[in-house]
Amino acid sequence: MPADFSIALSEGRGATLPDGDYSRRKQSLRGFEDQYTDIVDYIVRITHRIWEDQDIGYIYDTYAPGCRVFDDSGPRHGIEEMVAGTVQAIAAFPNMRHYADEVIWAGDDEQGFVTSHRALNIGDHTGHWRWGPPTHRRLNTWVIANCVIKDNEIYEEWVLYNTAAKLQQLGLDVAACAREFGNSRALRPYSEREQTEVERLQGGRKPVALPEPGTSGAFDVEEWARALVHNTYNRRDLSTIDRFYAPNVRWYGTTNRQGYGRQQVKAMARALLATFPDLGVHVDEVYWMGNPDEGYRVSLRWGGAGTHKGYSLYGAPTGRQVHIWGMSQLYIRHGEIVEEWALFNEFDVMAQLLRDEPAALV
């Protein structure tokens, strides 16, 4: 894990390309193209080249042929599907700009790198796409993409495009689009999804709280992050948020939700638990940059399962079980979260719930 921010974007910087001297390496990148100075430079500039320069074929050089991609609408496998999807997305939003706001990373060129890239997307909907003709409306939303990279190729990517936010901003009926997507059979059945076994649901055991690392002494970021998720969602202890978040925390969530203060964070957690009363989650990946003096930037990915038995988020209960997963970027100062950017697969969840056909047996 990087112990400082010498290789990092400035927080909230919003640039399409990183500044700096591209003539020398700042980090060992054996197996990568010579033009890249470090892993942050690599992830930002390949995004710019593919999406803004529209060199879509560069995907063949920067993604493994058998890459696995998990997004808002389910899992995909293979590079040709990615190329086709990118062409369609650029055709719908040809002037889209992709502003890099954050890249949290860990690893090295021997074992590979992991990166969590948050970007602001701004552009106009001037082309046809899956959901109909151009609306000519302006899109202004943000995404997170977590990648596993080695030897200049991405071979696994977890990306949330904030699909429900995009549809909402373009004036489309999100629920109707989700129902249509669920009915199209493009949705992968729950029973076929790749997911971690959820600790809360194992063996009917009561959920035991994980110890919460204190702010004194050595700060174990991974133990801290796992305790936050487990105690909040599996133990159902919403007071955990009071101990882990700063009083004036800034929170940005799925479908462009946002809030200020611990109560807004609690409100979203409470809404998920009320909608899926048996919800269980598991932390699948956590890595970070930083140190106790400068603080930490943490990337956290989780997966879960629950049954739609409550009214809070998606209307009358359907009784359907859903697969839910999400990613967060956490900014920690003195043992408290001062800012969080969090997405989950909300459009996919709505499609699982709102489709007209009978629920699949699992």
Side-chain angles (χ1 to χ4, degrees), residues 118 142 144 160 162 164-165 168 198-201 206-215 219 221-284 286 288 295-315 317 322-347 349-350 353:
R118 189 180 80 243
W142 57 279
I144 296 178
L160 289 170
N162 221 344
Q168 189 179 75
V198 178
E199 289 176 349
R200 178 180 168 82
L201 306 181
K206 67 179 181 181
V208 177
L210 293 180
E212 298 179 2
T215 55
F219 183 72
V221 178
E222 182 161 359
E223 284 186 7
W224 180 92
R226 290 183 180 277
L228 166 63
V229 174
H230 176 80
N231 292 349
T232 300
Y233 289 99
N234 293 333
R235 180 67 182 177
R236 308 292 197 258
D237 181 2
L238 296 184
S239 72
T240 302
I241 291 168
D242 295 324
R243 297 186 293 275
F244 279 73
Y245 287 79
N248 60 344
V249 61
R250 292 280 185 181
W251 175 80
Y252 304 89
T254 305
T255 317
N256 287 5
R257 298 177 177 91
Q258 57 182 290
Y260 177 78
R262 293 168 175 161
Q263 293 308 313
Q264 295 296 311
V265 179
K266 279 187 183 179
M268 189 64 215
R270 196 165 53 238
L272 282 171
L273 290 171
T275 303
F276 306 106
D278 61 347
L279 178 67
V281 300
H282 185 278
V283 173
D284 292 313
V286 56
W288 61 90
Y296 297 93
R297 304 180 195 177
V298 180
S299 171
L300 188 153
R301 178 169 58 82
W302 56 272
T307 309
H308 185 210
K309 296 180 179 180
Y311 292 84
S312 188
L313 290 176
Y314 307 116
V322 299
H323 168 232
I324 181 170
W325 68 275
M327 298 183 290
S328 295
Q329 292 181 340
L330 309 174
Y331 295 81
I332 303 171
R333 299 284 187 275
H334 308 299
E336 292 184 323
I337 299 168
V338 296
E339 184 174 316
E340 178 177 12
W341 296 77
L343 292 176
F344 70 92
N345 60 329
E346 184 160 41
F347 182 75
V349 167
M350 293 176 70
L353 295 177

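In summary, the side chains of Glu346 and Thr254 do not present any donor paired with an acceptor at a separation below 3.5 Å, with no hydrogens or angles considered.
Using bins of under 30°, 30° to 60° and over 60° for the plane-to-plane angle, the ring pair Tyr252/Trp341 lands in the parallel bin.
In this structure, the side chains of Asn231 and Arg243 stay at 4.5 Å or more apart for every pair of heavy atoms. Counting heavy atoms from C-beta on, the side chains of Thr240 and Tyr245 never come closer than 4.5 Å. Residues Trp288 and Ile332 are not in side-chain contact: their nearest non-hydrogen atoms beyond the backbone lie 4.5 Å or more apart. The closest side-chain heavy-atom distance from Arg250 to Val338 is not below 4.5 Å.
Although no hydrogens or angles enter the test, the distance criterion places no donor-acceptor pair under 3.5 Å between the side chain of Asp242 and the main chain of Arg262. A donor-acceptor pair is defined here as one N or O able to donate and one able to accept, closer than 3.5 Å; such a pair exists between the side chain of Arg235 and the backbone of Pro207. A donor-acceptor distance shorter than 3.5 angstrom exists from the side chain of Asn234 to the backbone of Val281, with no hydrogens or angles considered. The closest donor-acceptor contact from the side chain of Asp278 to the backbone of Thr307 lies under 3.5 Å. Side-chain atoms of His230 come within 3.5 Å of backbone atoms of Val208 as a donor-acceptor pair (strictly under, hydrogens ignored).
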_Trp224 vs Phe244, ring-ring contact (aromatic ring centres under 6.0 Å, His included): CA-CA, chis, key distance, verdict_ = CA-CA 9 Å; Trp224 180 92; Phe244 279 73; 5.1 Å; yes
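Heavy atoms of other residues, nucleotides or ligands lying less than 6.0 angstrom from NZ of Lys266 number more than 12.
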